Structure formats: structure tokens, C-alpha cells
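Residue indices begin at 1 and follow the sequence shown. Here the structure is a predicted model, which means the values were calculated and not measured.
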Amino acid sequence: MSDSSHPGATQNYDALFGRPGAPFGYDPETEEPYSSKSRVAVGVLNIFLPGVGRLYSGRLALGLLQLAAAILTCGIGWLWSVTDGILVLINGSTDNDGQPLRP
């Protein structure tokens with residue numbers, strides 16, 4: 001028995017398992033697949049450990065710049081990382097591949 005003979009086969013699959021190719025779902029506004037990285041994890045890590053949230057999301061250059069700014073300014077540059085972490089929590093962001101971070 002093929003899937004086409006079973007009524008509602010594709011609707012049930014999408015409801016139970018999500019769309020193929022997007023294990024974490026799709027962003028409802030842009031219809032892009034979500035990243036495997038969490039927006040909450042990136043934001044909280046960036047607030048408490050300068051640059052580590054960005055390193056986790058795959059944005060190595062930005063994470064290293066935030067970490068270097070915090071170290072070279074004796075902690076004053078940490079404010080950049082805190083601000084960035086708060087903005088990620090509020091607005092979201094993307095990972096290194098351009099996929100939106102999942103909520």
C-alpha cells in the first residue's frame with residue numbers, strides 16, 4: 001500500500017515528525033529551517049561568559065573579538081557581550097550557516 005492511497009498520510013507525517021530536512025522545525029515568519037543551536041543558550045552564555053555564546057553558535061570571529069575585548073579592557077568590554085546576549089534573547093539571531101536560532 002503506497003502513501004498516496006492512505007488518506008492524510010503527508011499531513012500526519014508533518015504533524016508528527018516535522019518537515020523532512022528540518023529536525024527542529026521552521027521559522028514561521030521566514031520559513032527557514034531552525035538551527036540546531038538554541039537562542040536561549042547563546043544569549044545566556046554570552047551574558048555570563050563573554051563571547052562564549054557566539055563561539056557556541058559558530059560565529060568564531062565575533063566570539064573571539066568579544067572575549068578579547070573583555071580581557072584587554074579588564075572587563076569593561078564585557079558590556080558588549082552582555083548587550084549582545086540580551087539582544088539575542090529578545091530578537092534572536094542566526095548561526096554560522098545563516099539559519100535562525102531555535103527558540
Side-chain angles (χ1 to χ4, degrees):
M1 178 182 271
S2 69
D3 286 340
S4 61
S5 66
H6 188 269
T10 57
Q11 290 85 6
N12 290 339
Y13 181 86
D14 289 347
L16 293 173
F17 304 110
R19 291 191 234 169
F24 299 103
Y26 283 85
D27 184 12
E29 295 176 7
T30 62
E31 292 294 322
E32 293 182 35
Y34 279 127
S35 169
S36 63
K37 309 296 183 191
S38 167
R39 175 172 62 181
V40 174
V42 171
V44 170
L45 280 171
N46 230 29
I47 289 171
F48 291 109
L49 300 169
V52 174
R54 289 302 186 166
L55 291 172
Y56 167 73
S57 72
R59 295 186 171 244
L60 299 179
L62 183 58
L64 291 174
L65 281 173
Q66 288 179 346
L67 184 59
I71 291 171
L72 295 175
T73 61
C74 298
I76 296 172
W78 174 66
L79 294 175
W80 175 25
S81 185
V82 169
T83 305
D84 186 42
I86 292 170
L87 289 174
V88 167
L89 287 172
I90 294 171
N91 298 328
S93 185
T94 58
D95 66 1
N96 196 36
D97 298 325
Q99 295 178 323
L101 298 172
R102 63 186 165 95

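Pairs of residues two or more places apart, or lying in two chains, that qualify as side-chain hydrogen bond (donor to acceptor under 3.5 Å, both in side chains) and include a residue from residues 32-43 are Ser35-Asp95. Among residue pairs with one or both ends in residues 66-80, none qualify as salt bridge (charged side-chain N to carboxylate O under 4.0 Å, His left out); sequence neighbours excluded. Among pairs with a residue in residues 64-81, none fulfils salt bridge (charged side-chain N to carboxylate O under 4.0 Å, His left out), at least two apart in sequence or across chains. Within the structure, salt bridge (charged side-chain N to carboxylate O under 4.0 Å, His left out) pairs that include any residue of residues 41-52 do not occur (at least two apart or interchain).
When atom types are taken as modelled, the side chain of Trp80 and the backbone of Pro50 share no donor-acceptor pair closer than 3.5 angstrom.
Qualifying side-chain contact (heavy atoms from CB on, under 4.5 Å) partners for Leu60, counting only residues two or more places apart in sequence or in other chains: Leu55. With sequence neighbours excluded, the residues that form a side-chain hydrogen bond (donor to acceptor under 3.5 Å, both in side chains) with Thr94 are Arg59.
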Discussion item. Under the criterion side chain to side chain contact (heavy atoms under 4.5 Å, CB included), I'd like the reasoning laid out for Arg54 against Ser81: C-alpha separation, chi angles, the key distance, then a yes or no.
Written reply: CA-CA 9 Å; Arg54 289 302 186 166; Ser81 185; over 6 Å; no
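Under the 4.5 Å side-chain heavy-atom criterion for Ile, Leu, Val, Met, Phe, Trp and Tyr, Ile47 and Ile76 are members of distinct hydrophobic clusters.
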Side-chain atoms of residues 61-72: list all donor-acceptor pairs with protein atoms under 3.5 Å, sequence neighbours left out, distances to 0.1 Å.
| from | atom 1 | to | atom 2 | distance (Å) |
| --- | --- | --- | --- | --- |
| Gln66 | OE1 | Asn46 | ND2 | 3.2 |
| Gln66 | NE2 | Asp84 | OD2 | 3.0 |

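Hydrophobic side-chain contacts under 4.5 Å tie Leu101 into a cluster, directly or through other members, with Val42, Leu45, Leu49, Val52, Tyr56, Val88.
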